[in-house]
Amino acid sequence: MRARRPSDWVVDLSARHDIEEQVAQALTAHPALQLVRNSTSAFDRLDFQVVCADQLVEVEVKAKRQPLSLGWQTLRPDVTPENLFVMDELALRKIVDAGRYAFLLVRDLPAQRWCLWSAGDLLVASRARHARQLDTPSRKAKGKLLFDLSEAGQLSASLDEIVNTLSTTVVHLDGWWRDIAPWPAQKRATSVS
């Protein structure tokens, strides 16, 4: 895997805004959701806060922009390259800190699909950890987690379908959270190619 370059941040930031805008529109348009706050510029909150069934729900949005390099794939050989997704450990800690009503929404651009995890889905998902050295004078390491996108709670080519799944999942979270049964696997959407 190659070191990140300053130009990578320019690409990431410019492309991120389009995805965030799509998500904001979908959250606003859904009849069971009320968008309370767009926190995409904040570092201390997840990207969106919505109310659903009288519950504050938080949503973090991430993107997979391109297939990952062979170096990443060697860290998770059990996952096909098209399903491999890398996320900062810090992002997972923020989602867990937001509680059981937090969600991770990933836009998988190469596969043209959306992937949704509840906090519970993320807790039980398989993953590998990696400490990536930063190319800085301090040589500080950054924690990375490698997930399998096919294990997401919901996969769909349709953002509207994903947002609908989020709204219907919220009403079940308390029961699932307290149940001794294994965390339920969500039904996969048929619209994923």
Side-chain angles (χ1 to χ4, degrees), residues 1 16 19-20 22-23 26-27 46-48 52 57-132 142-193:
M1 67 196 92
R16 181 183 87 187
I19 294 169
E20 291 169 346
Q22 289 177 43
V23 173
L27 293 172
L46 300 187
D47 291 323
F48 296 98
C52 177
V57 175
E58 297 207 44
V59 181
E60 180 70 4
V61 178
K62 298 289 183 191
K64 177 181 177 179
R65 301 189 190 296
Q66 60 194 15
L68 296 172
S69 68
L70 186 58
W72 288 113
Q73 294 169 20
T74 60
L75 297 171
R76 194 78 205 266
D78 60 312
V79 179
T80 60
E82 60 270 9
N83 283 324
L84 190 59
F85 176 67
V86 178
M87 183 171 76
D88 291 344
E89 277 189 24
L90 179 59
L92 180 63
R93 290 193 297 266
K94 286 181 178 180
I95 292 166
V96 170
D97 190 46
R100 72 183 75 167
Y101 294 100
F103 289 82
L104 170 64
L105 177 58
V106 175
R107 178 60 171 149
D108 180 6
L109 292 166
Q112 292 299 300
R113 65 184 171 178
W114 294 89
C115 310
L116 180 70
W117 278 273
S118 68
D121 295 325
L122 285 169
L123 288 172
V124 300
S126 67
R127 60 186 159 270
R129 294 179 70 206
H130 176 69
R132 181 178 182 167
K142 189 174 193 179
K144 296 289 189 176
L145 296 168
L146 289 80
F147 286 96
D148 181 346
L149 289 174
S150 71
E151 292 182 356
Q154 178 75 16
L155 303 169
S156 178
S158 166
L159 177 57
D160 290 337
E161 186 174 1
I162 287 290
V163 170
N164 191 55
T165 297
L166 183 150
S167 74
T168 58
T169 299
V170 166
V171 299
H172 299 289
L173 286 175
D174 273 337
W176 294 343
W177 204 263
R178 292 184 175 103
D179 196 346
I180 62 168
W183 191 260
Q186 295 294 315
K187 208 169 110 176
R188 301 292 184 236
T190 56
S191 56
V192 176
S193 54

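All heavy atoms count here, side chains included; hydrogens, waters and symmetry mates do not.
F85 is not listed as a side-chain neighbour of D108, based on a closest heavy-atom distance of 4.5 Å or more. Annotation: side chain of P67 is not in contact with side chain of P81 (no heavy-atom distance under 4.5 Å). Between R107 and V61 there is no side-chain heavy-atom pair separated by less than 4.5 Å. Counting heavy atoms from C-beta on, the side chains of L104 and M87 come closer than 4.5 Å.
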- request: Applying side-chain contact (heavy atoms from CB on, under 4.5 Å), run through D88 and R93 and close with a yes or a no.
  value: CA-CA 9 Å; D88 291 344; R93 290 193 297 266; over 6 Å; no
task = Take H130 and R76, measure what side-chain contact (heavy atoms from CB on, under 4.5 Å) needs, and give me the verdict at the end.
result = CA-CA 10 Å; H130 176 69; R76 194 78 205 266; over 6 Å; no
Go through the steps to decide whether V23 and W114 satisfy the test side-chain contact (heavy atoms from CB on, under 4.5 Å), and finish with yes or no.
CA-CA 11 Å; V23 173; W114 294 89; 3.8 Å; yes
Tell me, with the steps shown, if V170 and F103 meet side-chain contact (heavy atoms from CB on, under 4.5 Å).
CA-CA 10 Å; V170 166; F103 289 82; 4.0 Å; yes
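Shortest non-hydrogen contact noted between T168 and T165 is OG1-O, 3.1 Å. Across all their heavy atoms, G153 and D121 have their closest contact at CA-OD2, 3.5 Å. Residues K62 and A91 approach most closely at CE-CB, 3.8 Å, considering heavy atoms. Nearest heavy-atom pair, C115 versus A152, reported as atom, atom and distance to 0.1 Å: CB-CB, 3.9 Å. Taking each heavy atom of E82 and R113 in turn, the nearest pair found is O-NH2, 3.3 Å. Taking both residues in full, the closest heavy atoms of K64 and L84 are given as NZ-O, 2.8 Å, listed atom of the first, atom of the second, then distance.
Interatomic distance, L146 CG to N83 CG, rounded to the nearest 0.5 Å: 12.5 Å. Atoms CD1 and CG, on I162 and L155 in that order, are 6.5 Å from each other to the nearest 0.5 Å. The CD atom of E58 sits 10.0 Å away from atom CD1 of I95, with the distance rounded to the nearest 0.5 Å.
Residues passing the side chain to side chain donor-acceptor pair (under 3.5 Å) test with R129, sequence neighbours excluded: E89.
Checking each of L159, L166, I19, D47 against L105 for a side-chain contact (heavy atoms from CB on, under 4.5 Å) leaves exactly one that passes, namely L159.
In this structure, a donor-acceptor pair under 3.5 Å is present between the side chains of D148 and S150.
A donor-acceptor contact shorter than 3.5 Å links the side chain of R127 to the backbone of A125.
In this structure, W117 and F147 have tilted ring planes: the angle between them lies in the 30° to 60° band.
Within the structure, the ring-ring contact (aromatic ring centres under 6.0 Å, His included) test picks out the following pairs touching residues 152-173 (sequence neighbours left out): H172-W176.
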